[in-house]
Each structure stands twice: as structure tokens, then as C-alpha cells.
Amino acid sequence: MDAARHRRPTVDVIAVLALAGALWVDEPLAGAIITLMLATGQVLEARADARARRELSLLTARAPRTARRVTPGGIVDVSVDDVGVGERLLVRPGEVVPVDGRVVSASTFDEAALTGEPMPVARPAGDDVRSGVVNVGAPVEIVTTTTASTSTYAALVRLVEQAQASSAPFVRAADRWAIAFVPLTLVLACVAWWAAGDPVRAVAVLVVATPCPLLLAAPIAIVSGLSRAARMGVVIKGGGALERLARARVVVFDKTGTLTRGRPTLTDVLVREATADEALRLAASLEQVSAHVLAGPIVEAARARGLALELPEAAEEIHGQGVAGTVDGRRVRVGRPSWIVGERPDAWTRQVRRRADLDGSMSALVELDGRVAAALLLHDPIRPDAPRMVRALRAVGVSRIVLATGDRDDVAAMVGRIVAVDAVLAECTPADKLAALEREAAHGSTVMVGDGINDAPALAAADVGVALAARGSTASSEAADVVLTVDRVDALADAMLIARRSRRIALQAVAVGMGLSLVAMIAAALGYLSPTAGAALQEAIDLLAIAIALRAVVPTRMHSIVLSPEDRATLASLRVEHDSLAPLVESVASVADALTSARPDLGDARALVASLESDLLPHERADEERLVPVVARALGSTEAVAALSRTHAEIEHQVARVRRLLDTVDGGATAEDVVELRRMLYGLYAVLKLHNAQEDEGAFSLVPVGSA
């Protein structure tokens with residue numbers, strides 16, 4: 001009826017004519033079979049629609065309504081709509097986190113509703129936690145970083161509504177061919193009637209041209225793709241978006257939050273008036289009450305070093321500048337260098353800022369009792385799964401990958417080299433990204449991947465916009481066609497594999513079904529099929545087409561590697577040791593920096609080597625014995641881990657060389673000895689940094705961050 005009202009050709013016209021014709025020529029059995037086909041088609045369409053809606057609706061099944069606010073007078077239940085930024089909320093075991101925030105103490109969460117990750121995820125103190133996940137650990141307090149309306153769950157509710165609206169009812173693939181197919185069928189039926197002088201032949205042609213379930217073969221394959229992607233934490237807004245994703249040939253990436261984590265990590269503590277641990281402990285104690293983006297990484301780094309944090313007194317946050325308060329009786333300020341020292345920095349502060357600029361890092365000064373005591377350097381690291389994701393995209397048919405970012409040229413070029421893109425466009429405005437998409441469209445269908453508010457125009461303009469909702473903005477998620485709710489960018493490669501496979505299977509089902517129908521139509525026109533026999537044959541063709549489409553439901557090998565629970569546990573435990581050794585690795589460069597030939601004191605170097613021998617080398621040996629076999633099994637090749645084994649041996653060799661040098665100068669060091677020792681320490685530091693990057697990319701990226 002809808003097609004008739006809009007005067008749109010549809011193969012349902014053939015079904016109606018075939019049914020009427022079967023009754024006219026006294027073929028009631030053929031009419032019954034046609035009626036059965038029509039009913040079967042409607043049932044299958046309803047079930048396919050319901051399945052897609054159910055898979056997408058799982059994301060919002062546990063939407064929170066209330067929150068427990070921590071006040072000086074106790075715990076108060078409030079509506080989530082009344083929760084503001086910077087408030088402290090209590091989440092009890094089994095409760096849903098109501099608003100995005102930062103955990104005050106370590107806890108464990110079930111994030112399956114958002115990401116599809118089946119294992120509980122451990123979040124250390126200071127880490128971000130999203131609304132919609134379930135606390136499966138002890139009661140935990142969080143400091144809110146968004147309001148309810150801008151939180152992850154609110155965004156997902158809108159995403160699901162958009163996805164459901166655009167994916168149902170499904171446009172049946174054969175209707176696209178109706179403009180040619182319907183006239184062809186009617187002409188062939190009329191010719192058969194005219195040539196034989198028998199209306200039964202015309203009815204037989206109409207009957208075998210009634211592929212009702214066949215029209216659902218393509219939607220079944222598409223729905224299967226949407227459902228599988230949703231279970232992996234990828235929301236694709238309808239079959240049209242899935243088909244465009246399958247045809248993509250060019251991918252344009254933003255940098256921050258997509259190829260990088262979008263969340264800084266503490267890389268170094270430069271000290272002036274205090275020890276590194278003391279400066280970090282006092283700064284992190286104060287930052288516990290801050291909602292600033294740098295507060296979480298500072299607190300997390302202090303917890304990772306095992307530092308005991310205290311709650312500050314009289315804490316005050318100056319928006320955009322920093323936070324001040326009293327910790328253990330000491331007046332502490334942490335914030336921007338311009339806020340701490342003003343517009344006239346001294347030589348030490350200028351050196352800190354120069355080093356931060358060279359490394360592409362952010363810096364925060366720590367002031368204790370009115371004196372600058374230390375500097376904290378933070379860097380936004382490249383996602384360890386990004387290089388593998390780029391390689392996977394090329395393997396599935398993407399011919400060109402471009403990095404377009406508003407960051408500085410040197411920082412963008414460094415990221416581009418590491419992840420191996422084809423072109424780097426730096427210092428881009430939103431308008432520049434739109435222009436880049438227009439230029440890249442000459443190479444094929446374009447995909448834009450981003451997570452920030454400034455990416456929303458480009459996401460909307462691309463053939464397919466992909467947003468990362470795990471840490472991205474609501475605006476980018478709403479503008480995108482595909483949304484990754486899991487904090488793993490390599491899920492994009494899996495989504496493209498699913499899209500391409502679903503589209504290929506849909507086309508195969510349509511081609512086989514329509515091809516066989518055409519052959520049957522010719523046979524009916526020549527008089528080889530009666531209406532009843534044609535109806536039975538068409539039913540068999542329809543079932544065959546649907547069976548082909550159902551292949552899309554069968555799981556196939558994805559880009560993501562699934563580890564056994566034992567291997568996951570092994571990698572997770574080694575990752576904890578790996579992260580705990582980061583301060584020791586950074587101290588290699590710090591000790592080398594402090595060496596001076598004027599006063600060759602090697603005490604710190606001896607203590608460093610002792611720590612390397614007692615802590616670092618046993619970990620590297622454990623990696624060789626336990627980590628390397630796990631990764632080799634996961635990747636299916638021992639050659640894939642040869643570089644890891646080689647660097648394990650090189651690290652042990654370099655530490656042994658430093659030990660021999662220190663033993664030979666036991667009686668007193670010369671200026672030449674200091675120069676040689678500094679050179680060896682810098683070389684060891686470079687090997688350690690490269691090796692850590694190899695392990696992050698090749699091993700630890702196989703396990704979602706925080707899974708336990």
C-alpha cells in the first residue's frame with residue numbers, strides 16, 4: 001500500500017498479480033504457496049527488525065536514574081539530572097555508575113554493556129570511569145567530570161535512537177531493482193501469453209517472479225552485520241552506513257584521542273627543591289579533589305608508585321590555572337607555569353618549558369611553601385593498538401590513510417611516522433579538515449575518524465564518520481555514522497571486516513536468488529513450469545537465498561585476537577610489573593643527566609645498576625619465559641616475537657656492560673669514565689624505551705586496558 005501511495009515500483013506488485021492470476025486460472029495450490037511466501041516474508045522481516053533493535057537496545061537497558069551524593073552530612077540520594085561537575089558520588093557494589101567521573105580509589109567494573117568486554121575491568125585510583133558501567137568491586141567514590149546530559153550513557157541513548165530510526169524498517173534490496181525488474185516481468189508474462197495463447201503461462205511467469213523471502217536475504221545479512229558490530233562495541237547507524245563503510249577506500253584520522261589515547265600520562269618528574277616521590281605525593285594528594293584533565297594522570301602515577309596520598313585541606317581550584325591547598329601542613333600549589341611563576345620565569349623554569357616543547361609534552365609546576373620544587377611532564381601517548389589497526393585497514397582494502405590534526409607539525413609528523421600513514425596534515429582548522437576530505441574524495445569513498453567537538457563538521461561531511469565515544473565528545477558521536485563505544489581504535493578494522501563481509505554475502509544472496517528466478521521465469525514462459533510447480537520451485541529458490549544470507553551470522557576470524565583466560569591473566573600480571581618499572585626506566589636518564597666530570601660521584605649510578613639487576617632484569621627474564629610464548633601463540637608465529645627476544649638479550653647485555661664499567665673504576669672515576677658511563681646509560685635508556693614501545697604494541701595491546 002505504501003508503494004502504491006508513493007507510486008513506487010516494487011516487486012510486491014508481482015506478488016499481488018501472481019496471486020490474483022492463480023485464482024483466475026483455477027490454481028488454488030499455487031495461490032496458497034504464494035500466500036505462504038508472503039506471510040513468511042513478513043515474519044522474517046519482523047524478526048530481523050526485532051533482532052536489530054534488541055542488540056542495540058542492550059546498550060541502554062540499565063540507564064541510571066538516581067545518584068548517591070557524598071555531603072558533609074552524609075549520603076543523599078538525588079536525581080542524576082541534579083548532579084554537577086566536581087561532585088563526589090558513592091557507587092555501591094552492583095550499582096550502575098550514574099555520571100562520568102574519576103575514581104578516588106581502585107575498583108573493578110563490569111563494562112560489558114558499553115564495550116562488549118566480558119571480563120571485569122580494574123580501574124586504579126585516578127582513572128576515568130564512564131556512566132553505564134556496573135561496580136563489581138567494593139564501594140567506591142567518584143569525582144564527576146561531566147553532567148548527566150553530557151555523559152556517556154546519555155550520548156548512547158541518543159545513538160541508539162538514531163540507529164534504530166535509520167535501520168528499521170529495512171529497505172529491501174530487490175526494491176532497488178524494481179524499476180527494471182517489474183516491467184521486465186510484466187513484458188515477459190505478456191509475451192508468453194501472446195505466443196502460446198494461454199494465460200496460464202503468464203501466471204506461471206508471475207508466480208516464479210515472486211521472491212518474497214528473497215527480498216529479505218540482503219537485509220538479513222545486513223542485520224547480522226549490525227548485530228555483530230554492536231556486540232563488539234561498534235554502533236553502526238543503519239544498513240546504509242554499513243554499506244558505505246564496506247565501500248570505503250580512504251581513511252582520514254584526527255590525532256588526539258584517536259591515534260593517541262587522548263588522556264595524558266605522567267612521563268617524568270623534574271625536581272629542584274624536593275625528591276621526586278615527595279613532590280609527586282604532595283601534588284597528587286592535592287589533585288585528588290580536582291576535576292582537571294591532568295589531575296587523574298597525576299593521581300594515577302602516584303598510586304602506581306605506591307605513594308600514600310592524604311586528603312588536602314582548604315583546597316581551591318582556579319579554573320584553567322591550577323589548584324592550591326594544604327597537605328601535611330605544607331602549602332601546595334600545582335598548575336600552569338605562568339600561574340606559578342608569572343610571566344618572568346627563571347632559568348630552571350625556562351629549561352623545563354624548553355624540554356616540554358621539544359618532547360611535545362605538557363608541564364605543571366609544583367610549588368611547596370612558596371618555592372618551586374618540581375615540574376611534572378605529561379605526554380599523550382600513541383595508542384599501542386594504532387599501528388596494528390592501520391596495517392589491518394590496509395589488509396581489508398583501504399588504499400590511503402591520512403592524519404589531519406590541529407597539533408604542531410613536528411608532533412604530527414612523529415605520530416604519522418610511528419603509525420605509518422600515507423600523509424600528514426598538521427595545524428588544521430575544522431575548515432582545513434573539510435577541505436582535506438574534499439581532496440581525498442578523488443581517491444575513493446572517505447571515512448573520517450575523530451573524537452572532538454571540532455571533528456563534528458568533518459564527521460558529518462565524510463561518506464562515513466566514525467567517532468570514539470569512549471573518551472570523545474557527545475557532538476562528535478551524534479554527527480557520526482559509526483560510533484566506537486569501546487576504548488580500542490582497532491575495533492574500526494573489525495567493523496570494516498564485518499561490513500565488507502556482510503555486504504558481500506548480501507550481494508551473493510541477491511545475485512543467486514534473482515539469477516535463478518530469471519532462469520525459472522524463462523522456463524515458465526516456454527511452458528516447462530506450471531503455476532503450482534513454479535511456486536514450489538520459487539519457494540526453494542527463496543530458501544536457498546536466505547540460507548546464503550544466514551552465512552553472515554556465522555562468526556569468522558576478526559582482526560582482534562581472542563586470548564584464553566589463562567593467557568589474558570598472564571599478560572595482565574606482566575603488564576602490572578611492566579608499568580611499575582616505568583619510574584626505574586626514567587631514572588636511567590635522570591642519573592645520566594646528573595653525572596658531571598667536575599665531581600665524578602658514581603653513587604647514584606651504582607644504586608641504579610643494583611636496582612636494574614634486582615628489579616628490571618628478573619622482569620625481562622619473566623617476559624622471555626612467559627610473555628613471548630603467549631604472544632607467539634596469539635599471532636601464530638615465533639618470528640613475530642623475534643624482536644622482543646632480541647631486545648630482552650640486549651637489555652641484559654647493556655646492564656652487564658654498565659656493571660663492568662663501574663667495577664673497573666671502583667678506585668676512583670676520571671672525566672673520561674664519566675663521559676663513557678653517561679653514553680652507556682643514554683644508550684640503555686633508548687633501548688629500554690624502544691623495547692617498552694614494542695611490548696605495548698605487540699603484546700599488551702592484545703588485552704583491553706585494565707581487564708583482569
Side-chain angles (χ1 to χ4, degrees), residues 102-106 123-128 143 263-313 315 317 321-337 339-341 348-349 351-353 355-356 359 361-381 576-591 593-594 604 607-608 611 615 685 689 692:
R102 189 176 61 254
V103 291
V104 175
S105 59
R123 295 292 179 189
D127 201 4
D128 292 335
V143 177
R263 184 174 187 269
T265 58
L266 184 70
T267 57
D268 207 354
V269 181
L270 307 179
V271 295
R272 185 182 191 184
E273 299 262 342
T275 65
D277 282 354
E278 181 65 6
L280 179 57
R281 185 184 73 84
L282 294 173
S285 295
L286 182 60
E287 291 285 8
Q288 290 181 102
V289 300
S290 172
H292 192 272
V293 66
L294 299 184
I298 293 173
V299 174
E300 187 177 338
R303 296 282 189 184
R305 296 192 184 195
L307 303 179
L309 305 186
E310 305 289 339
L311 284 178
E313 300 175 358
E317 184 164 5
Q321 299 297 328
V323 60
T326 302
V327 181
D328 286 347
R330 305 191 68 177
R331 186 63 181 169
V332 182
R333 289 204 305 164
V334 183
R336 297 166 60 96
W339 183 58
I340 299 293
V341 299
W348 186 85
T349 305
Q351 183 180 2
V352 168
R353 296 175 73 170
R355 176 169 173 178
D359 294 340
S361 301
M362 294 164 282
S363 61
L365 294 185
V366 181
E367 181 187 87
L368 303 179
D369 298 324
R371 297 177 61 87
V372 176
L376 308 177
L377 299 185
L378 300 101
H379 181 68
D380 184 14
V576 172
E577 297 178 17
H578 173 88
D579 291 344
S580 68
L581 291 171
L584 178 58
V585 172
E586 292 303 323
S587 68
V588 175
S590 300
V591 170
D593 290 340
D604 288 344
L608 170 65
S611 296
D615 298 331
Y685 178 71
K689 294 291 284 186
N692 286 348

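Source: prediction; values computed, not measured.
Scanning for ring-ring contact (aromatic ring centres under 6.0 Å, His included) contacts around His379 gives an empty result, with sequence neighbours left out. Under the rule for a side chain to side chain donor-acceptor pair (under 3.5 Å), the partners of Glu278 that lie at least two apart in sequence or sit in another chain are Arg281. Qualifying side chain to side chain contact (heavy atoms under 4.5 Å, CB included) partners for Ala315, counting only residues two or more places apart in sequence or in other chains: Leu286, Val289, Pro312. Legend: residues meeting side chain to side chain donor-acceptor pair (under 3.5 Å) with Glu577, ordered by chain and number and at least two apart, are His619. Qualifying side chain to side chain donor-acceptor pair (under 3.5 Å) partners for Asp615, counting only residues two or more places apart in sequence or in other chains: none. Annotation: side chain to side chain contact (heavy atoms under 4.5 Å, CB included) contacts of Thr265 (sequence neighbours excluded): Thr267, Pro381. The side chain to side chain donor-acceptor pair (under 3.5 Å) test applied to Thr349 returns Asp346, not counting sequence neighbours. The salt bridge (Lys or Arg N to Asp or Glu O under 4.0 Å) check on Arg331 picks up nothing, with sequence neighbours excluded. Not a single salt bridge (Lys or Arg N to Asp or Glu O under 4.0 Å) links Asp380 to another residue, sequence neighbours left out. For Asp604, there are no salt bridge (Lys or Arg N to Asp or Glu O under 4.0 Å) partners, not counting sequence neighbours.
To the nearest 0.5 angstrom, Ser590 atom OG is 8.0 Å from Tyr685 atom OH. With rounding to the nearest 0.5 Å, the separation of CD1 in Ile298 from CG in Leu378 is 5.5 Å. One distance of note links OG1 of Thr326 with CG of Leu282; it measures 11.0 Å at 0.5 Å rounding. Rounding to the nearest 0.5 Å gives a distance of 6.5 Å between CG of Leu608 and OG of Ser611. Between Arg102 atom CZ and Asp127 atom CG the span is 10.0 Å, to the nearest 0.5 Å. How far OG of Ser285 is from CD of Glu313: 11.5 Å, rounded to the nearest 0.5 Å.
Closest approach of Ala284 and Leu309 over heavy atoms only: CB-CD2, 3.9 Å. Here the closest heavy-atom approach between residue Pro297 and residue Pro264 is recorded as CG-O, 2.9 Å.
A salt bridge (Lys or Arg N to Asp or Glu O under 4.0 Å) check over residues 294-312, counting only residues at least two apart or in different chains, returns the pairs Arg263-Glu300, Asp277-Arg305.
Using a 4.5 Å cut-off on side-chain heavy atoms (C-beta onward), Asp268 and Arg355 make contact. Inter-residue side-chain proximity for Leu365 and Trp339 is flagged as unmet; no heavy-atom pair is nearer than 4.5 Å. In this structure, Lys689 and Glu586 have side chains that are in contact, with non-hydrogen atoms separated by less than 4.5 Å. Side-chain contact between His578 and Asn692 is present, with at least one heavy-atom pair separated by less than 4.5 Å.
Looking at Arg330 and Asp369, a side-chain N of the basic residue comes within less than 4.0 Å of a carboxylate O on the acidic one, giving a salt bridge.
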Start with the C-alpha gap between Leu280 and Leu266, add the side-chain angles, then the distance that decides, and say whether side-chain contact (heavy atoms from CB on, under 4.5 Å) holds. CA-CA 10 Å; Leu280 179 57; Leu266 184 70; 3.8 Å; yes
List the atom pairs, donor and acceptor, that lie under 3.5 Å between side-chain atoms in residues 370-377 and the rest of the protein, sequence neighbours left out.
{"from": "Arg371", "atom 1": "NE", "to": "Glu273", "atom 2": "OE1", "distance (Å)": "3.4"}
{"from": "Arg371", "atom 1": "NH2", "to": "Glu273", "atom 2": "OE2", "distance (Å)": "2.8"}

